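One structure below.
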Amino acid sequence: MGSMLDWNEPVDSFIDAMKKSGPRRAWFMTDPESGEYRTSHPAFDGVAGRIAGDERDYHAHEGSFFEIGKESGYLLSAHIHKTVRGQAAGGVRFWTYDTIESFIRDGLRLSRGMGHKNALAGLWWGGGKGVIARRRNGSESELRKHVYRDYGRFMSGLCGCYITAEDAGTRPEDMANVYRTTRYTTCIPSEFGGSGNPSILTARGVVVAMEAALEALGMGTLEGKTIAMQGLGNVSYYMVGYLRERRVRRIVGADIDADAVARVRADYAGGEFDWREVNAGDNSIFEEACDVLAPNAVGATLNAATIPEIRAALVCGAANNQLEDPARDARAMQERGILYVPDFLANRMGIVNCANEQYGVFDGDAAIESHLDRARPTGIWRRCIEVFERAKRSGRTPAEEAEALAEELSDEAHPIWGHRGRIIIGHLVTAGWAEG
Ligand code: NAD
């Protein structure tokens, strides 16, 4: 296969190239001295060249690491954008990818996004993300424990330059398996001393962001407002409760999963609720006349097709990477007079909940609760207001301003450890990690 490997090939070609290269590991990294993009094996030069020439998702990432799991044979990866603020931190996604390109792009994009989220939240963590290529086979449930034990071993081998956590496709029991084989993880189940379900706090955080944005728009509080939400999963379920406490007038929600709809229908009755089961691809919830639209399902739902239909003054939700094309879609909403709260500004509480669980976990912890406090300078409320004011002054979109602020903050060095992640990556490369 050699340097013929290209990134429009299936993920299995990447696995084959790794096996043919000898070891079960590979890395790509930006050389800190020369700024050049390098890879561990010539077989990946073609893919590395494509990444280095990319202006969309590659932003001089410090490193990407790949390993074939010993027990599972699955392709495991960890992407590290920047570790100036601390070790790279972000969850591990378990997802199906058609091509090497989509597999690597997701890791590059999500790791940078995590760095932005961590920096805006004032956490001393850098930006990282794990991605495991899910295979299309029917026997996954038994295999999962091997996949995640492999992932933990992979983390241990990376010596702590990246700390993993839960993300889409990964479940609490999977995190327990990761924890069996590494200490480099957060978001472990509460029976092991972890922080447990983050969705309750995420819902509370997004509601605070909605309140800040409504005030910035001069629309008052949530009381009497109509909210439309896409997705009625974990975050939405709790969000409905908090919105009801704030005496919203009406909530309309849509989900493709009958069980999710049934759960809200059973637990939230008696108010002005409209719960709808929809088909995949049915985006009619975006056309709902409302004050606030909350995209709480999956990414890329705000795009050229949906934005022209929106009938809300404010878009603020929990889903990650809501904009299909960040610059284009944020601008399109601004031009339509819609205030869009960048997802990484609103949905930080999931990572806040678990990021520092090694320092102790208890109910009502002020270190966590204060992120919801309007007085805290780095809290959700004040950060939202800061970003909206910057956008008003510059004419740029809140998404652009939030990203610029996050970039500034992600260059602040960790007060104790400095840029140690880079040193660990350098050690892995010189110690021959890829040959191990
Ligand atoms: P979840 O999987 O429990 O809920 C998502 C729901 O969206 C599911 O019920 C699913 O059926 C539904 N859905 C998927 N596609 C849909 C579509 N096209 N139309 C309507 N419904 C659709 O996930 P969650 O934990 O509630 O998280 C929601 C979003 O917020 C995700 O994007 C997640 O990555 C993000 N997020 C979650 C947290 C957290 O703490 N849980 C933290 C940060 C970000």
Side-chain angles (χ1 to χ4, degrees), residues 89-95 106 109-110 113-114 116-118 120-121 123 129-131 165-172 174-175 186-187 194-210 228-242 251-265 267 274-288 293-303 305-306 309 315-324 341-355 357 368 371-372 380:
V92 55
R93 181 160 290 196
F94 187 53
W95 215 248
D106 220 18
R109 184 174 49 87
L110 292 165
M114 278 312 304
H116 290 161
K117 194 186 302 195
N118 292 338
L120 284 177
L123 299 173
K129 200 82 183 179
V131 186
E166 198 177 321
D167 191 57
T170 298
R171 305 173 189 152
D174 300 325
M175 295 313 297
T186 61
C187 279
S195 51
N197 185 354
S199 306
I200 302 169
L201 275 161
T202 300
R204 287 176 65 196
V206 176
V207 169
V208 170
M210 285 179 186
M229 41 178 91
Q230 186 186 41
L232 294 170
N234 286 315
V235 175
S236 287
Y237 178 84
Y238 295 107
M239 192 182 285
V240 171
Y242 293 117
I251 304 178
V252 189
D255 201 297
I256 54 173
D257 177 20
D259 291 342
V261 178
R263 181 161 77 139
V264 286
R265 198 168 274 151
D267 291 356
D274 182 354
W275 308 127
R276 301 174 189 166
E277 187 185 335
V278 295
N279 295 321
D282 178 342
N283 285 321
S284 54
I285 191 78
F286 286 85
E287 300 163 22
E288 200 63 35
L293 173 68
N296 290 345
V298 291
T301 53
L302 296 169
N303 53 46
T306 55
E309 308 300 329
V315 176
C316 178
N320 286 313
N321 303 106
Q322 291 165 28
L323 307 177
E324 187 179 271
V341 184
D343 42 57
F344 55 90
L345 192 53
N347 71 6
R348 70 162 69 162
M349 291 309 287
I351 191 79
V352 166
N353 182 50
C354 70
E357 65 189 14
I368 291 173
H371 284 262
L372 304 164
I380 294 176

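Note that the coordinates shown come from a computational prediction; the quantities given were computed from them, not determined experimentally. One-based numbering, in listed order, for ligands and for the atoms of each.
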Look at [atom] and say which protein heavy atom is nearest, naming residue and atom and giving the distance to 0.1 Å.
atom	value
atom 23 (O) of ligand 1	N234 N, 4.5 Å
atom 43 (C) of ligand 1	N347 O, 3.7 Å
atom 18 (N) of ligand 1	Q230 NE2, 3.8 Å
atom 12 (C) of ligand 1	D255 OD2, 3.2 Å
atom 14 (C) of ligand 1	I256 CD1, 3.8 Å
atom 26 (O) of ligand 1	V235 N, 2.8 Å
atom 31 (C) of ligand 1	A297 O, 3.3 Å
atom 35 (C) of ligand 1	A318 O, 3.3 Å

Judged by atom type as modelled, is there a donor-acceptor pair below 3.5 Å linking the side chain of [X] to the main-chain atoms of [Y]?
X	Y	value
R204	L372	no
Q322	G317	yes
N353	L201	no
E357	S195	yes

Notebook entry, point to check: Any heavy atom of A280 sitting closer than 4.0 Å to ligand 1?
Noted result: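 Checking ligand 1 against A280, which is what was asked, there is no heavy-atom contact under 4.0 Å.
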Note to self: Please work out, at 4.0 Å between heavy atoms, whether the side chain, the backbone, both, or neither of N320 comes within that distance of ligand 1.
What the structure shows: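 Both backbone and side chain.
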Within a distance under 4.0 Å of any heavy atom of [X], pick out the atoms of ligand 1 and give their elements.
X	result
P198	40 (O)
D257	11 (O)
A260	9 (O)
A254	20 (C), 21 (N)

For [X] and [Y], which heavy atoms make the closest approach, and how far apart are they?
X	Y	value
M239	A294	SD-CB, 4.5 Å
G231	S236	O-OG, 2.6 Å
K117	F344	CG-O, 3.4 Å

Next item on the list: Can you measure from CD (E309) to CG (L293) and round to the nearest 0.5 angstrom?
Entry: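 Answer for the CD-CG pair, E309 versus L293, is 12.0 Å.
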Notebook entry, point to check: Going by distance only, is there an N or O of N296 that falls short of 3.5 Å from an N or O of ligand 1?
Noted result: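 No: no nitrogen or oxygen of N296 is under 3.5 Å from one in ligand 1.
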Margin query: With nothing but distance in play, are any N or O atoms of K117 less than 3.5 Å from an N or O of ligand 1?
Written below: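 So ligand 1 has no N or O lying under 3.5 Å from an N or O of K117.
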Margin query: Testing the 3.5 Å rule here: is there a donor-acceptor pair between the side chains of N303 and T306?
Written below: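 Yes, side-chain donor-acceptor contact under 3.5 Å.
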Check: From atom 2 (O) of ligand 1, is the closest protein heavy-atom distance below 4.0 Å?
Finding: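 Given the 4.0 Å limit, the answer for atom 2 (O) of ligand 1 is no, no protein heavy atom qualifies.
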Next item on the list: For a side chain to side chain contact (heavy atoms under 4.5 Å, CB included) with D167, tell me which candidate from V92, I351, N320, V131 qualifies.
Entry: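 Among V92, I351, N320, V131, the one that satisfies the side chain to side chain contact (heavy atoms under 4.5 Å, CB included) with D167 is N320.
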Next item on the list: Not counting sequence neighbours, which residues clear side chain to side chain contact (heavy atoms under 4.5 Å, CB included) with A318? List them please.
Entry: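 Per chain and number, A318 pairs via side chain to side chain contact (heavy atoms under 4.5 Å, CB included) with T202, V206, V235, N296.
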